[in-house]
Amino acid sequence: MLSFITLFGAALVAANPLVLPSPGSGTAPDPSTIQITSVSASGNGCPQGSVSTELSPDRQVVTFGFDKFQTYIGPGTSVADRTKNCQLHLNLKYPGGFQFAVVESTYHGYAQLEKGVTGTFYSTYYFSQSPADTTTTQTSISGGDLWEFGDVYTKQDLIPTASVIWSPCGATGILNVNNRIALTTTNSTAYGTISDDDATVALTQQLHVAWQACK
């Protein structure tokens, strides 16, 4: 299994600077009252048996570790190697009189891209109860320079206020995060690889939330 990244190199920022949505009427509950009740993952980037999960005792933080979320391009690779996806599913419990919105999340991995190769990491967020309401961020890395020799990266999504999605009113919800990595090239002899080694979802830390009263 690939080691979890603990030392990070270049930081990649997607979308606009973070601006928290204005809260609705009423007093916002403590964000720590959200609990992750269960988690799972699906997709060709995280086949069965290739994902480890660790849920903290307070059910506020879940860490996914990936063995197979890796993409490749260049001589000796196949077209199927160029793109992989892994969708994370978080079953959540939260105060029934309020909704919350996802506004930030973070991923760590490794990239080695020769000149001419571009890697793009897409993340689409939605709740199962409202699948038509989605927001997608993307971050791209152009090969060459430091990436030609390989470096670790941190992908940080800052979702603009106009694009936030709100959880359904109620006491439970399923948050889905569909992650996809795709490689393209303008040089058929150039090589590239990107992996997503881990994704830590901390509802009060790395994944920040904003609240509003149900309408």
Side-chain angles (χ1 to χ4, degrees), residues 2 4-5 11-16 18 20-21 31 34-48 50-56 59-71 83-94 99-109 119-141 153-168 170 172-182 194-211:
L2 291 174
F4 289 154
I5 298 300
L12 309 172
V13 179
N16 299 326
L18 176 64
L20 288 175
I34 305 176
Q35 287 191 339
I36 304 168
T37 59
S38 64
V39 297
S40 61
S42 61
N44 62 1
C46 48
Q48 186 175 5
S50 70
V51 179
S52 65
T53 59
E54 182 178 351
L55 187 59
S56 65
R59 296 187 174 273
Q60 288 294 302
V61 180
V62 59
T63 298
F64 295 85
F66 305 104
D67 278 347
K68 302 294 185 180
F69 202 177
Q70 303 157 5
T71 54
T83 182
K84 294 290 177 67
N85 87 289
C86 181
Q87 186 161 214
L88 310 179
H89 314 280
L90 284 72
N91 288 282
L92 305 176
K93 180 180 178 181
Y94 49 90
Q99 297 171 282
F100 67 92
V102 179
V103 294
E104 183 178 356
S105 57
T106 304
Y107 308 86
H108 309 128
T120 305
F121 194 139
Y122 304 87
S123 297
T124 298
Y125 300 80
Y126 68 97
F127 288 92
S128 292
Q129 292 88 338
S130 303
D133 297 328
T134 68
T135 188
T136 300
T137 64
Q138 69 179 71
T139 298
S140 295
I141 305 173
Y153 68 84
T154 296
K155 175 183 182 286
Q156 184 176 18
D157 288 347
L158 301 180
I159 302 171
T161 303
S163 299
V164 297
I165 54 171
W166 292 94
S167 67
T172 61
I174 301 174
L175 172 63
N176 303 283
V177 185
N178 190 11
N179 296 306
R180 181 169 68 92
I181 301 174
I194 291 183
S195 69
D196 182 17
D197 294 340
D198 68 77
T200 298
V201 178
L203 292 174
T204 57
Q205 296 175 26
Q206 283 192 318
L207 189 155
H208 300 278
V209 297
W211 293 91

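All values below come from the heavy atoms of this structure, side chains included, with hydrogens, waters and symmetry mates left out.
Residues Cys46 and Lys68 have side chains not in contact (no heavy-atom distance under 4.5 Å, counting atoms from C-beta outward). A heavy-atom distance below 4.5 Å is not found between the side chains of Ser123 and Asn178. You'll find the side chain of Thr135 stays beyond 4.5 Å of the side chain of Thr124, heavy atoms only. Side-chain contact check for Thr139 versus Thr137: every heavy-atom pair is 4.5 Å or farther apart. At a threshold of 4.5 Å between non-hydrogen side-chain atoms, the residues Thr83 and Arg180 count as touching.
Side-chain atoms of Ser130 do not come within 3.5 Å of backbone N or O of Phe127 as any donor-acceptor pair. For the pair Arg59 (side chain) and Thr37 (backbone), a donor-acceptor distance under 3.5 Å is present.
Asp196 and Asn179 are not linked by any side-chain donor-acceptor pair at a separation below 3.5 angstrom, with hydrogens and angles left out of the test. Looking at Ser140 and Thr120, their side chains do bring a donor and an acceptor atom within 3.5 Å of each other. Side-chain contact check for Asn91 and Thr172: no donor-acceptor pair (N or O, by modelled atom type) lies under 3.5 Å.
Ring-plane geometry between Phe66 and Phe69 is classed as perpendicular, the angle between the planes exceeding 60 degrees on a 0 to 90 degree scale with a lower cut at 30.
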**Asked** Are Val62 and Ser56 close enough, and set up right, to give a side-chain contact (heavy atoms from CB on, under 4.5 Å), and what steps lead you there?
**Response** CA-CA 6 Å; Val62 59; Ser56 65; over 6 Å; no
**Request:** Might you work through the side-chain contact (heavy atoms from CB on, under 4.5 Å) test for Phe64 and Val39, ending with a clear yes or no?
**Result:** CA-CA 9 Å; Phe64 295 85; Val39 297; 3.9 Å; yes
**Asked** Between Asp197 and His108, does a side chain to side chain donor-acceptor pair (under 3.5 Å) hold up when you go through it step by step?
**Response** CA-CA 6 Å; Asp197 294 340; His108 309 128; over 6 Å; no
**Request:** Tell me, with the steps shown, if Tyr125 and Thr136 meet side-chain contact (heavy atoms from CB on, under 4.5 Å).
**Result:** CA-CA 6 Å; Tyr125 300 80; Thr136 300; over 6 Å; no
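How far CG of Asn44 is from CD of Gln87: 12.0 Å, rounded to the nearest 0.5 Å. Atom-to-atom distance recorded for Ser40:OG and Ile174:CD1 is 8.5 Å, nearest 0.5 angstrom. For the atom pair CG of Asn85 and OG of Ser42, the computed distance is 7.5 Å after rounding to the nearest 0.5 Å. To the nearest 0.5 angstrom, Ile36 atom CD1 is 6.5 Å from Leu92 atom CG.
Contact record, Gln129 with Gly173: NE2-CA, 3.3 Å, taken as the closest heavy-atom pair. Across all non-hydrogen atoms, the minimal contact from Asp67 to Gln70 is O-NE2, 2.7 Å. When all heavy atoms are compared, the tightest approach of Lys84 to Gly45 is CB-CA, 4.0 Å. Residue Tyr126 comes nearest to Thr134 through the heavy atom pair CB-CG2, 3.6 Å, listed as atom of the first residue, atom of the second, then distance. Closest approach of Ala199 to Tyr107, counting heavy atoms only: CB-CD2, 3.7 Å. The minimum heavy-atom distance between Ser195 and Ile181, with the atom names listed, is C-CD1, 4.3 Å.
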